[in-house]
Amino acid sequence: MKIIWILCWSCCATLLIGQKGNTFQVKRLKKIKQKIRQDLKGFGVQIKNVRYKGKRRAIGEFWNGDAIFQMSHGIVLSTGVAEDAQGNNDITSKTGVNRRKGQAIFKTTTNQKLYDAAVLQFDFYPNSDYISFNFVFASEDYPELSYSGLNDILIFILTLPNGEKVNLAHLPNSNHPISVATINPTTHPQYYINNSIQSAIQVENSVDTFLETNSTHQLLLTRSWNMEQAITATSLYPIQYDGFTKVLQAQSNVIPHQKHRLQIGIADHGNYIFDSAVFIEMESLHSHEDSSFQAGILKREPNYYYTIDTLSQTRIRPIIIDHPTRPSICLDQPSDLLFSYDSPNLSPTNQSLLKQLSQQLHQCPDLKLRVVGYAAAKDNRYNRKLSRERAERVKIYLIEQGIANDRIEVNWQGDGSKTTKKALAQNRRVKLQIY
């Protein structure tokens, strides 16, 4: 009888453990240096010199987050207590006070008074030209304090080998920083998930109509943003935060095999109350060669932020020899863009030329664009970085004008061998070619 009782108890305990194992959990992160070095990285990157500044209770490790924000396992940095994230949203203003002032690294983005800062820092060596990772930002400031002006601060400060610092915590295809003011039920709602009681939200769902051509058909498509999760008026997810973003990607160009530093930080702004947090997916820190690379849910669901419907399709010849009905503008080759010395910034003239180019690409949907950046002779390693940044600025500007990412091919060259005054001026350019 005793043996039967023990077996029954073991079976029940196993069942309970299995049920608990399927729920969203957050625990204090132990062995921080080892965890970050071994578990955060994906492929093509080596992590060293891990440091953490903040209360130990503010950094944690989460599991089983798939049903909440499409990331199963990762780390979390909070302005309160990391473990407070787990459980249903039964407290609408969860606050954990850590009595830590803002770290100095936040001064690269703001001069505001900050509290409860937590900063994870490490050096890394990438194997390829780009670095990226997936993350989610969450906050108790949602949704009622979206426009209070006291927006908690999230930063991903990348320090390049030359000492330049870049903040990677910004909206997709934009330089606007991530905060409750830039992603909420009415501002960029396509990136927002509500998890609290709110008034009924009316959001205009913009529709983008565009042509797509494959080897057999020409398709007229519509793309509409998926904002259903932003306008829900109740709490649906087993997490304490009142709202959070969809999975976003931080990405930057880097210099292969050189030392870089990444500082991931979050802090309360204006006061200690109302926690915010950033969740970073484990094994999503990759170094890669393609600027359009995606990982995790962003790779599994290409239409993660929007849905595409087919309005009509027309069968075409398998091989198109010419384009008799194509506008003559499609045959025009754009002029090169010239840049000031040692600068990647687009001048008003360059912006005007790119607007004309975007109109051409909109009228000629079968065309693609090759962008090649150049830099004047100075230092070959520095040249490649500067020429790459010039090319990337052009690509970002065209994407903001509505040109699809996959229609733009980016490359760059050093041009360090040309040293005459005339040649140097020619090197400070971006060459554009449609094909």
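Please read all numbers here as calculations on a predicted model, not as lab measurements.
- Between the S284 side chain and the E281 main chain, a donor and an acceptor come within less than 3.5 Å of each other.
- Separation of atoms NZ (K35) and CD1 (I47) is listed at 13.0 Å; rounding is to 0.5 Å.
- Between the side chain of Q198 and the backbone N or O of P143, no donor-acceptor pair lies under 3.5 Å.
- In this structure, the side chain of D39 does not engage the main chain of I36 through any donor-acceptor pair within 3.5 Å.
- H188 contributes no side-chain N or O that, together with a main-chain N or O of P185, makes up a donor-acceptor pair within less than 3.5 Å.
- Looking at every heavy atom in both residues, N411 comes nearest to A391 through O-CB, 3.7 Å.
- Residues S132 and H288 have side chains that bring a donor and an acceptor to within less than 3.5 angstrom of each other.
- Looking at T79, its side chain does come within 3.5 Å of a backbone N or O of S276 through a donor-acceptor pair.
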Working for side chain to side chain contact (heavy atoms under 4.5 Å, CB included), residues K395 and V371: CA-CA 8 Å; K395 180 177 180 178; V371 179; 5.7 Å; no
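- Judged by a 6.0 Å distance limit and a 45° cone about the ring axis, K48 is not positioned over the six-membered ring of F122.
- Side-chain atoms of S352 and N350 form no donor-acceptor pair, as typed in the model, at a separation below 3.5 Å.
- Side chains of D141 and N151: a donor-acceptor N/O pair is absent below 3.5 angstrom, by distance only.
- With hydrogens and angles disregarded, a donor-acceptor distance shorter than 3.5 Å links the side chain of R390 to the backbone of S343.
- Looking at heavy atoms from C-beta onward, P344 lies in side-chain contact with L386 at the 4.5 angstrom threshold.
- Taking each heavy atom of R388 and P256 in turn, the nearest pair found is NH2-CD, 4.4 Å.
- Aromatic rings of F279 and F137 (six-membered ring for Trp) have centroids beyond the 6.0 Å cut-off, not under it.
- A donor and an acceptor atom, one from each side chain of T222 and T209, are nowhere located under 3.5 Å apart.
- To the nearest 0.5 Å, atoms CG (D129) and OG (S291) are separated by 10.0 Å.
- At least one test fails for R429 against the ring of F339: distance under 6.0 Å to the centre or angle within 45° of the axis.
- Residue D242 comes nearest to E140 through the heavy atom pair N-OE1, 2.9 Å, listed as atom of the first residue, atom of the second, then distance.
- Here the side chains of L248 and P172 are in contact, with some heavy-atom distance below 4.5 Å.
- V278 places none of its side-chain heavy atoms less than 4.5 Å from the side chain of V136.
- With Q86 contributing its side chain and V26 its backbone, the two residues share a donor-acceptor pair below 3.5 Å.
- Distance check, rounded to the nearest 0.5 Å: CG of N127 to OG of S287 gives 5.5 Å.
- One N or O on the side chain of T182 and one on the backbone of S179 form a donor-acceptor pair closer than 3.5 Å.
- Ring centroids of Y237 and F24 are separated by 6.0 Å or more, keeping the two rings apart.
- Counting non-hydrogen atoms of other residues, nucleotides and ligands closer than 6.0 Å to CD of E228 gives a total of 12 or fewer.
- One distance of note links CG of L120 with CZ of F156; it measures 10.5 Å at 0.5 Å rounding.
- Between I153 and H269, the shortest heavy-atom distance links the atoms CG1-CB, 4.4 Å.
- With a 6.0 Å radius and a threshold of 12 heavy atoms from other residues, nucleotides or ligands, H176 has its NE2 atom at or below the threshold.
- The two atoms that bring A118 and S78 nearest to each other are CB-O, 3.8 Å, heavy atoms only.
- With hydrogens and angles left out, the side-chain atoms of N195 and S235 include a donor and acceptor closer than 3.5 Å.
- For F293 and F43, the distance between ring centers is under 6.0 angstrom.
- Ring geometry for H73 versus W63: interplanar angle under 30°, hence parallel rather than tilted (30 to 60°).
- By the neighbour-count criterion of 12 heavy atoms within 6.0 Å, atom CD1 of I197 is sparsely surrounded, having that number or fewer from other residues, nucleotides or ligands.
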Working note: E392 + Y130, criterion side-chain hydrogen bond (donor to acceptor under 3.5 Å, both in side chains); need CA distance, chi angles, decisive distance, verdict. CA-CA 12 Å; E392 291 289 349; Y130 293 91; 2.3 Å; yes
Stepwise side-chain hydrogen bond (donor to acceptor under 3.5 Å, both in side chains) test for N345 and S347: CA-CA 6 Å; N345 296 328; S347 66; over 6 Å; no
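- Between the side chains of Y304 and Q190, no donor-acceptor pair of N or O atoms lies under 3.5 Å.
- Between E164 and K385, at least one side-chain nitrogen of the basic residue sits less than 4.0 Å from a carboxylate oxygen of the acidic one, meeting the salt-bridge criterion.
- Two rings, from Y125 and H260, have their centers 6.0 Å or more apart.
- Screening Y192, F244, F274 against Y142 for a ring pair (Phe, Tyr, Trp, His ring centres under 6.0 Å) leaves a single residue, Y192.
- Looking at heavy atoms from C-beta onward, T245 lies out of side-chain contact with I193 at the 4.5 angstrom threshold.
- Using a 4.5 Å heavy-atom cutoff, the side chains of Q218 and L211 are in contact.
- Summarising the local packing, CD of E144 is surrounded by more than 12 heavy atoms from other residues, nucleotides or ligands at distances under 6.0 Å.
- Using a 4.5 Å heavy-atom cutoff, the side chains of F124 and K259 are not in contact.
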Could you walk me through whether I403 and I399 pass side chain to side chain contact (heavy atoms under 4.5 Å, CB included), step by step? CA-CA 5 Å; I403 306 302; I399 289 175; 5.7 Å; no
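- Checked by atom type and distance alone, the side chain of N303 never pairs as donor or acceptor with a backbone atom of Y306 at under 3.5 Å.
- Formation of a donor-acceptor pair under 3.5 Å by the N194 side chain with backbone atoms of S196 is found in this model.
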Apply side chain to side chain contact (heavy atoms under 4.5 Å, CB included) to the pair L398 and I396, showing each step before the final yes or no. CA-CA 5 Å; L398 288 172; I396 291 173; over 6 Å; no
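- For the pair Y374 and R428, the minimum side-chain heavy-atom distance is 4.5 Å or more.
- To the nearest 0.5 angstrom, K107 atom NZ is 14.0 Å from I157 atom CD1.
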Trace of the side chain to side chain contact (heavy atoms under 4.5 Å, CB included) decision for Q121 with R51: CA-CA 5 Å; Q121 170 185 305; R51 296 181 61 189; 4.0 Å; yes
Set out, in order, the CA-CA distance, both residues' side-chain angles and the distance that settles ring pair (Phe, Tyr, Trp, His ring centres under 6.0 Å) for F69 and F62, then state yes or no. CA-CA 12 Å; F69 36 53; F62 72 87; 5.6 Å; yes
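- Counting heavy-atom neighbours within 6.0 Å of E289 CD, excluding the residue itself, gives a total of 12 or less.
- Salt bridge annotation for K27-E61: absent, with no cationic side-chain nitrogen under 4.0 angstrom from a carboxylate oxygen.
- Annotation: the span from D275 atom CG to D268 atom CG amounts to 6.5 Å, rounded to 0.5 Å.
- Between I434 and P334, some side-chain heavy-atom pair lies under the 4.5 Å cut-off.
- Shown here for V76 and A82, the closest heavy-atom pair between the two residues is CG1-CB, 4.0 Å.
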